> 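Let me begin by handing over the structure; questions about it come next.
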Amino acid sequence: MTMLKEGRPTAPQAVNEADSAPATVTGNRALMLEEALIFEIGSTDTTGVDFAEAPKVASRLGNLARTDGIGLPGLSEQETVRHYTRLSRQNYAIDLGLFPLGSCTMKHNPRLNEKVARMPGFADLHPLAPQSTVQGALAVIHELAQWLVTLTGMHSVAMSPKAGAHGELCGLLAIRSALEARGDARSVILVPESAHGTNPATAAFCGYKVEDIPATPDGRVDLEALKARLGPDVAAVMITNPNTCGLFEREMKTISDAVHAAGAFVYCDGANFNAIVGRVRPGDLGVDAMHINLHKTFSTPHGGGGPGSGPVVLSEALTPFAPLPFVEKQGDRFVLVEEETVEDHHASSFGRMVAFHGQMGMFTRALTYILSHGADGLRQVASDAVLNANYILRSLDDVLDAPFGGSGPCMHEALFSDKGLAEGFTTLDIAKGLIDEGFHPMTMYFPLVVHGAMLVEPTETESKAALDQFILALRSLAERAKAGDEALKGAPYFAPRRRLDETLAARKPVLTWTEGALAQAAE
Ligand SMILES: *Cc1c(COP(=O)(O)O)cnc(C)c1O
């Protein structure tokens with residue numbers, strides 16, 4: 001191991017044997033800087049800030065009081081800033097380039113949203129501030145709620161869920177409460193094969209048995225199979241529309257009617273609302289509950305674990321069971337309705353999803369986005385997102401297999417399979433090749449109904465020039481994978497790390513550059 005200065009290890013060059021370029025002493029490669037763990041560059045006996053010795057006071061924790069340090073590394077301010085800046089430069093971001101992750105709707109986060117969310121009147125609020133002092137914030141929640149109800153054609157909205165999956169939980173809890181209220185607890189939730197993993201996970205978490213509904217050869221829910229399975233034990237059907245194959249479920253109204261006739265509810269996964277916002281109202285299609293990912297459709301930032309925001313719109317039948325709290329306009333005042341007044345409002349509320357009101361910062365961002373686009377602008381969002389996806393589909397369907405391309409245009413995402421790649425070449429090779437071309441890979445191996453799926457969602461915010469460059473890159477990789485170009489199997493060559501054994505990396509992550517860990521990894 002090379003030591004630049006005492007106690008400061010640098011990464012061995014062995015990790016970067018990317019190509020035939022000569023190794024550097026530091027492990028750095030021009031602007032690509034190596035960075036050790038913060039525990040390796042800092043030490044417990046240094047500090048960036050000098051504090052006065054804490055006064056000795058008797059502990060009120062008895063023998064629970066800590067007697068030793070907890071081993072946090074100390075660094076100067078500059079070392080700290082550099083550490084995190086260097087790490088951030090090893091990452092890819094929507095602000096760096098196209099992020100074609102299908103199902104994720106990774107669109108530009110307008111700076112205006114950020115500016116409004118940072119206004120002190122919003123950013124510095126305390127969730128327990130007296131309501132008379134936060135009327136503006138309550139008005140924002142109320143106005144956003146009105147937009148969501150109007151855009152979806154639903155009856156009410158629960159604003160507090162903190163992400164899509166949390167919204168699914170909220171919707172299923174409302175459905176369960178409604179069924180229990182009529183003395184008809186049921187045990188099964190039906191989920192299409194192509195569903196996002198959170199759907200069956202949420203249903204199972206709620207204690208339901210999950211059963212698959214098969215797909216038709218054209219990538220949609222098999223209506224006959226669904227009808228045949230409906231019965232007195234089915235509580236709800238969870239359907240994604242547009243679905244995860246990027247197709248609109250044309251039979252949605254027929255599906256809802258059949259589900260309702262069997263006494264069950266329709267949960268719609270609204271993660272793909274971006275494709276139909278301003279054009280289709282899920283309420284008209286018989287949906288009872290649907291989450292809206294503000295961090296997808298309404299351009300609030302996401303990735304890296306959060307924050308998200310997943311308000312759930314509800315039908316009239318489910319509204320009495322909605323979670324607390326909610327904001328109501330009483331005369332010219334906005335009131336946060338809490339448990340105390342429950343009799344007057346959501347008479348059968350199932351309780352609370354979160355401690356306070358939800359993701360306030362996401363509400364301000366989403367409402368800013370909505371108001372800056374206006375109703376006509378939101379409608380345009382859906383059209384442009386669909387146009388961009390179809391441009392990608394038709395620009396590549398001569399080199400990549402588009403399993404549902406024959407059945408007409410797609411919605412907001414283009415789906416390809418690995419059919420036709422040379423023997424031994426996979427979707428993973430193409431994804432890794434995209435990294436070398438400077439793109440985040442598309443969603444891969446999802447949905448499961450397509451072999452070696454590549455799901456590409458460009459969103460409406462990409463220019464034609466950006467799409468053309470991406471198409472050029474993906475086309476060249478598809479051609480190489482079809483021609484059996486062995487070099488592709490070594491990609492990525494130019495990333496901070498080469499191709500990892502992903503299973504091993506997840507199970508036994510090597511996070512440190514100590515010699516022992518490296519030796520172990522080499523075994
Ligand atoms: C993103 C997504 C979800 C889950 O939403 P989170 O906000 O990530 O919890 C559910 N279903 C589909 C189809 C999605 O794309």
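Keep in mind that this is a model prediction, so the values were computed, not measured. First listed ligand is number 1; within each ligand, the first listed atom is number 1. Quick note: residue numbers are just sequence positions, from 1.
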> Counting only nitrogen or oxygen atoms and a 3.5 angstrom limit, does H166 reach ligand 1?
no

> Does a salt bridge link R352 with E338, judged by any charged N lying under 4.0 Å from a carboxylate O?
yes

> Among the heavy atoms of K296, does any lie under 4.0 Å from an atom of ligand 1?
yes

> Salt bridge check: are K107 and D384 linked by an N-O gap of less than 4.0 Å?
no

> For A163, counting its heavy atoms only, list the atoms of ligand 1 lying under 4.0 Å from any of them.
7 (O), 9 (O)

> Indicate, as side chain, backbone, both or neither, the part of H295 found under 4.0 angstrom from ligand 1 when only non-hydrogen atoms are considered.
side chain

> Under the side-chain hydrogen bond (donor to acceptor under 3.5 Å, both in side chains) criterion, do D269 and H291 qualify, and how do the steps go?
CA-CA 6 Å; D269 179 330; H291 71 259; 3.2 Å; yes

> For ligand 1, which atoms have a heavy atom of E168 less than 4.0 angstrom away?
10 (C)

> Taking K209 first and then D233, would you say they form a salt bridge - that is, a charged N and a carboxylate O separated by under 4.0 Å?
no

> Which ligand 1 atoms does A271 reach within 4.0 Å, using its non-hydrogen atoms?
2 (C), 11 (N), 12 (C), 13 (C), 14 (C), 15 (O)

> For side-chain hydrogen bond (donor to acceptor under 3.5 Å, both in side chains), just list the numbers for S383 and R279, CA-CA rounded to whole Å, side-chain angles, deciding distance to a tenth of an Å, and then say yes or no.
CA-CA 9 Å; S383 315; R279 301 212 152 250; 2.9 Å; yes

> Between ligand 1 and G164, is the shortest N or O to N or O distance under 3.5 Å?
yes

> Tell me: protein heavy atom nearest atom 15 (O) of ligand 1, and distance?
S103 O, 2.6 Å

> Test your reading of the model: is there a side-chain donor-acceptor pair from R365 to the backbone of N113, 3.5 Å cut-off?
no

> Can you tell me the protein heavy atom closest to atom 9 (O) of ligand 1 and the distance?
A165 N, 2.8 Å

